[in-house]
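Beneath this line is the structure, given in structure tokens, with notes to follow.
Scope of the values below: all heavy atoms of this structure, side chains included, with no hydrogens, waters or symmetry mates. Just so it is clear: chains get the letters A, B, ... in the order the sequence lines come, proteins before strands, and each one is counted from 1.
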Amino acid sequence: MSRFTVEVRVTPRPGLLDPEGKAVQHALGSLGYEGVVSTRVGKLIVVEMEADGEKEARARAEEMCRKLLANPVTQDFRIRVSAQAEGVDER
Amino acid sequence: MSRFTVEVRVTPRPGLLDPEGKAVQHALGSLGYEGVVSTRVGKLIVVEMEADGEKEARARAEEMCRKLLANPVTQDFRIRVSAQAEGVDER
Amino acid sequence: MKIAVITFPGSNCDHDCYRALKLLDGVTPEFRWHRDTSLGDVAAVILPGGFSYGDYLRAGAIARFSPIMDAVVEFAEAGGPVVGICNGFQVLCEAGLLPGALVRNESLRFQSHPVHIRVETTRTPFTSEYEEGQVLRIPIAHGEGNYHAEPEVLAELEGTDRIVFRYSTADGKLTPEANPNGSAHHIAGIVNEHRNVLGMMPHPERAVEELLGPTDGRGLFQSLRNHLTAGATT
Amino acid sequence: MSTPSEQDGALAAPRETPPPDPRPGDPEITAVVVADHGLSEEEYERILGILGRTPTFTELGVFSAMWSEHCGYKNSKRLLQLLPTKAPWVIQGPGENAGVIDVGQGLALAFKIESHNPPSAVEPYQGAATGVGGILRDIFTMGARPVAVLDSLRFGDLTSGRNRYLFSGVVKGVGDYGNCVGIPNIGGEVFFDRAYDGNPLVNAMALGLMKEEDLILGEASGVGNTLMAVGARTGRDGIHGATFASEELSEDSDEASRPQVQVGDPFTEKLLLEASLELIKSGHIVGIQDMGAAGLTSSASEMAGRAGSGVVLDTALVPVRELGMTPYEILLSESQERMLVVAKRGHEEHVRKILEKWELEAEPVGEVTDDGHFRIEEDGVVVANIPALPLTDGCPTYEREGIEADEVRELRERDLTEFLSPKGDLTEDFLELLGSPNVASRRWIYEQFDTTVRTSTVIRPGGDAGVIRIDGTDRGIAATTDCNGRYCYLDPREGAKAAVAEAARNLVCTGALPTAVTNNLNFGNPLKPHIYFQMREAVLGMAEACELFETPVTGGNVSLYNETDGLAIYPTPVIGMVGVLDDVSKTVGHAFRAEGDCILLLGENREEIGGSEYLYRLHDGLVAGHPPVVDLLAERRLQHAVLALVQNRLLHSAHDCSEGGLACALAQSAVGGEGGPLGVEVSLHDRLAPVAVLFGESTGRVVITVDPASEGEVLGMCRNHGVSARVLGTVGAPHGEFRVDTPSGHLRTPVDDVFQRYYDALPNLMDQDPDIPEGDIHA
Ligand SMILES: Nc1ncnc2c1ncn2[C@@H]1O[C@H](COP(=O)(O)OP(=O)(O)O)[C@@H](O)[C@H]1O
Ligand SMILES: [Mg+2]
């Protein structure tokens with residue numbers, strides 16, 4: 001068993017109205033940011049789990065998404081698995 | 001000018017209560033998922049913008065975060081910039 | 001006859017539903033706890049409003065896994081009448097008993113005020129006491145009541161007379177201002193294919209007593225009672 | 001300058017239990033460490049006296065929290081003693097989690113107000129949300145089921161993006177929390193003025209009902225009974241929030257010195273609410289208290305102090321959210337949604353079972369002792385050992401010097417004659433005033449609050465006071481919060497009286513008899529003589545009015561040091577008042593009901609424009625002049641008259657005149673109905689300047705409507721009560737004209753314009769630009 005950090009990114013499905021994204025986009029515009037083409041707002045769910053390997057971690061995460069974490073009618077999800085306890089800071 | 005996809009991940013600061021994470025963690029437990037060590041829920045904001053280069057895109061995104069997208073009192077943010085219109089699917 | 005009101009840990013309209021049912025002759029409301037596994041001998045089920053599990057993640061997403069929900073699904077599939085109000089509607093969608101989903105209000109704000117809704121069909125066990133086109137005054141109180149479904153699903157709901165209530169003006173017009181949350185096709189309530197499962201965002205249980213305002217919600221409970229008594233005598 | 005009181009002089013401590021050794025790893029106690037804990041030299045001396053030795057670091061933290069202004073009331077206690085607190089219907093006065101009054105038929109009402117100002121300035125959403133959470137816990141720890149909340153808010157002007165950010169965040173926080181727990185919001189207030197720029201005020205009030213016999217107190221009694229930590233786990237949130245609430249904010253309140261904010265979890269609160277009420281009914285516990293300000297420290301020591309007992313508890317037994325927490329942190333954490341419960345010995349398992357049903361934890365953490373000490377252990381090693389009573393009640397209290405600021409006196413005495421004639425067109429002035437965020441509809445706010453959950457709300461927010469029915473009876477409860485900080489700034493004594501008078505007037509307008517008061521004293525730094533002056537005067541004014549109205553004060557809260565960079569807020573003694581209706585079906589709304597109804601004015605128009613919204617809004621933020629004078633005896637007569645009219649079902653509507661004056665009161669009644677706006681045809685014959693008669697804010701006035709057939713009877717009843725009353729005109733047609741004539745000017749405009757201005761003003765202000773968090777504190 002090793003520990004994995006699973007990052008689930010849940011975003012509103014394309015075509016679905018994203019009022020929150022729209023609001024942020026509008027606010028960025030009013031703050032004077034030009035060149036902002038689009039803004040979408042979704043959820044980030046970071047799960048740390050014990051699993052037998054990356055593959056298993058990913059498989060379980062996908063199942064969690066389908067069952068609970070995302071609603072297929074309105075949301076898409078993407079999963080990223082990393083072996084570290086904490087994701088690398090990419091700043 | 002080229003187009004960049006900036007992904008901002010906003011997460012509750014460590015140590016702060018994350019009621020949503022707690023609720024999801026609890027739900028995953030009741031669904032029978034074992035080995036889930038922790039769950040945190042944050043926000044994912046995907047901004048597409050025109051910028052003169054990756055560096056500029058990142059700098060502007062950081063400013064946006066500090067000004068609007070994240071609340072420094074309760075949230076940390078991390079930024080990822082990619083040159084494509086759509087982030088690479090890492091599945 | 002008994003009607004079950006389900007209490008999830010964060011339900012907060014369970015007592016209000018109970019009280020509204022209590023006002024009906026011949027009906028005995030009974031609470032069922034989310035951890036119960038059986039409904040017992042009840043003629044109908046109400047999923048009340050509230051914040052079943054804090055509405056974390058998505059409203060209703062966690063509640064649908066409550067132990068009692070298996071019994072509710074079974075009951076519904078056997079044709080038993082089920083009404084989900086507000087959070088109850090959200091739970092029914094998450095549980096797959098009704099199509100579509102309820103997403104955040106377009107305003108991004110919680111909306112709590114009386115609205116007008118137009119009765120679109122009386123061909124349900126829940127609306128027989130109303131007239132088609134009748135406009136009701138009923139409160140809403142929700143942050144995620146914006147009904148969304150794929151175009152095919154919406155077309156099917158339209159084509160099969162399954163949209164039960166739509167947000168409208170006082171005189172029954174469907175204007176954008178009359179739609180409080182951005183719902184597709186102004187949808188405030190729908191039924192399933194077999195017409196025995198109703199989900200609606202407005203709160204009829206808050207509109208049954210004169211002291212508190214309009215009483216347009218009564219018809220819904222009376223329709224249900226009449227449906228059940230008719231069923232019992234035939 | 002300060003004089004410690006005599007009565008809390010030598011508090012000799014019984015010292016049977018051994019003193020703790022310094023805990024390895026804890027900082028040494030130095031003068032700097034002491035000062036960092038907000039304790040004066042004199043206070044530290046007193047601590048040395050109480051302990052007879054140097055405190056440990058843990059003990060210092062405990063004293064610092066308990067002797068902060070927030071818990072210790074060191075600068076306000078002596079003033080609070082001036083307030084009337086007794087009446088036959090008061091069951092529990094100040095000193096408990098909430099006040100309790102008898103409301104008849106064996107039922108009791110618990111109610112209290114509490115501030116969450118500094119947390120809301122830093123993180124408006126969580127600050128406001130946890131404010132609501134805290135006040136709800138104060139109610140249900142008395143054994144009462146919360147039935148309503150109200151919120152009293154102050155912000156700087158909405159022209160600033162930061163103020164809009166604070167305002168929208170606070171409103172959302174108040175709403176999300178109460179909505180989720182399922183408690184209807186039935187009212188409150190909001191006021192915008194530059195004086196609140198750096199220091200928004202967020203005061204939340206809650207009401208709860210119980211059977212009288214279910215009352216339970218926050219007492220740790222019965223030696224050997226078990227202390228249990230119940231509810232959420234303890235994290236590092238808001239450590240030293242109580243001390244923080246007692247400090248001025250300054251521009252360099254930076255990241256490092258800023259305590260972590262607390263995050264609320266209303267879902268857990270709802271579970272805790274149900275579990276607590278079940279627990280109290282079960283008979284397995286003898287006491288319960290919220291772990292609010294200063295967390296475990298204040299709850300445990302106050303419970304011991306009240307019962308005259310002692311407690312011992314082991315921090316290693318407290319369920320924590322994070323590893324490696326020190327006793328200091330565990331004792332001072334302000335994590336939300338936690339309670340301290342005193343379980344009867346041997347009943348711990350029953351307690352645990354009840355909590356488990358609600359998916360919550362309950363862990364034994366200590367027990368009640370008889371040695372009068374507050375003793376803390378970490379894994380059996382004593383880390384703090386303090387006599388409980390001196391800790392809770394031995395905080396030095398000060399009476400300070402109070403001197404009025406010269407500049408305020410000058411402002412008050414300023415001649416306002418030049419402002420008595422309209423600035424431009426009278427109707428335009430009127431519409432501008434009506435669109436002021438201090439006059440316009442608050443619908444934008446309360447539509448974000450669930451106001452009808454629990455199906456008991458008879459009068460929703462939007463009128464004068466909220467009204468709920470008492471389930472199973474004919475009775476009702478009305479509640480309101482009021483305070484005009486501008487009046488209090490110009491004349492704190494008159495301003496405080498005006499606040500009490502307005503609260504009572506709001507209640508009687510719904511038909512409720514004013515019964516009792518809770519208050520929130522929001523002020524600047526009490527060490528400054530002109531601030532202390534404001535406090536003293538305000539308390540004296542409040543005391544005088546409450547005495548006369550027979551509305552005793554059963555509790556409240558004090559929030560001081562509301563200053564940024566030396567600039568203080570207006571003195572803002574918020575009054576939360578509750579009233580009782582014997583027959584709730586007689587209640588009256590503020591909106592005109594029918595065309596042809598007769599409009600009457602009770603009370604007198606006077607030439608009073610000092611401190612008015614008109615001056616602020618139409619004359620570049622001018623705050624000057626004498627605020628309206630309060631004639632308490634006339635108010636009392638007015639209250640009786642209105643109540644008699646309601647009793648006899650003679651009123652179709654009743655609305656009190658406040659900010660914006662008579663013209664705005666008429667407008668609010670004209671457009672307040674569900675069925676759309678009604679016209680107004682009114683003639684005023686006062687020999688006063690039009691600005692004074694239309695927009696002056698004289699107190700003691702109520703606009704009522706009655707059936708024309710009962711006009712004579714109503715006038716007669718008013719005469720009998722010694723209340724001046726006269727016919728102003730009639731209610732006009734739906735969507736008709738809004739017409740008010742005076743000898744020297746007219747208001748004329750379609751009532752639809754009035755409607756639009758009144759309802760659109762606040763949304764328009766909020767929709768302009770984004771609400772940005774930028775500003776002094778975040779920068
Ligand atoms: N302004 C006030 N007027 C009267 N009593 C007050 C006032 N402020 C506080 N009190 C009373 O002092 C006691 C302690 O209050 P407080 O420290 O606010 O309790 P909590 O533990 O809830 O924070 C309470 O009973 C409260 O009612
Ligand atoms: Mg308290």
Would a distance-only check, ignoring hydrogens and angles, find a side-chain to backbone donor-acceptor pair under 3.5 Å from B:Arg13 to B:Pro72?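 Side chain of B:Arg13 to backbone of B:Pro72: a pair is present.
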Looking only at heavy atoms, which two atoms of [X] and [Y] are closest? And how far apart?
| X | Y | answer |
| --- | --- | --- |
| C:Ile85 | C:Cys17 | CD1-SG, 4.1 Å |
| C:Val5 | C:Pro48 | CG1-CG, 4.1 Å |
| C:Ile6 | C:Leu47 | CG1-CD2, 3.3 Å |

Answer with side chain, backbone, both or neither: which region of C:Leu57 has an atom nearer than 4.5 Å to a non-hydrogen atom of chain B?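 Both the backbone and the side chain of C:Leu57 come within 4.5 Å of chain B.
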To see if you've got the definition right, give the donor-acceptor pairs under 3.5 angstrom between chain B and chain C.
unit_1	atom_1	unit_2	atom_2	d
B:Glu20	OE2	C:Leu57	N	2.7

Considering only heavy atoms from C-beta outward, does the side chain of B:Pro12 approach that of B:Thr74 to under 4.5 Å?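 Counting from C-beta outward, B:Pro12 and B:Thr74 never come under 4.5 Å.
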All side chain to side chain contact (heavy atoms under 4.5 Å, CB included) counterparts of C:Ala44, not counting sequence neighbours: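 Result, side chain to side chain contact (heavy atoms under 4.5 Å, CB included) vs C:Ala44: C:Ile3, C:Pro81, C:Leu224, C:Leu228.
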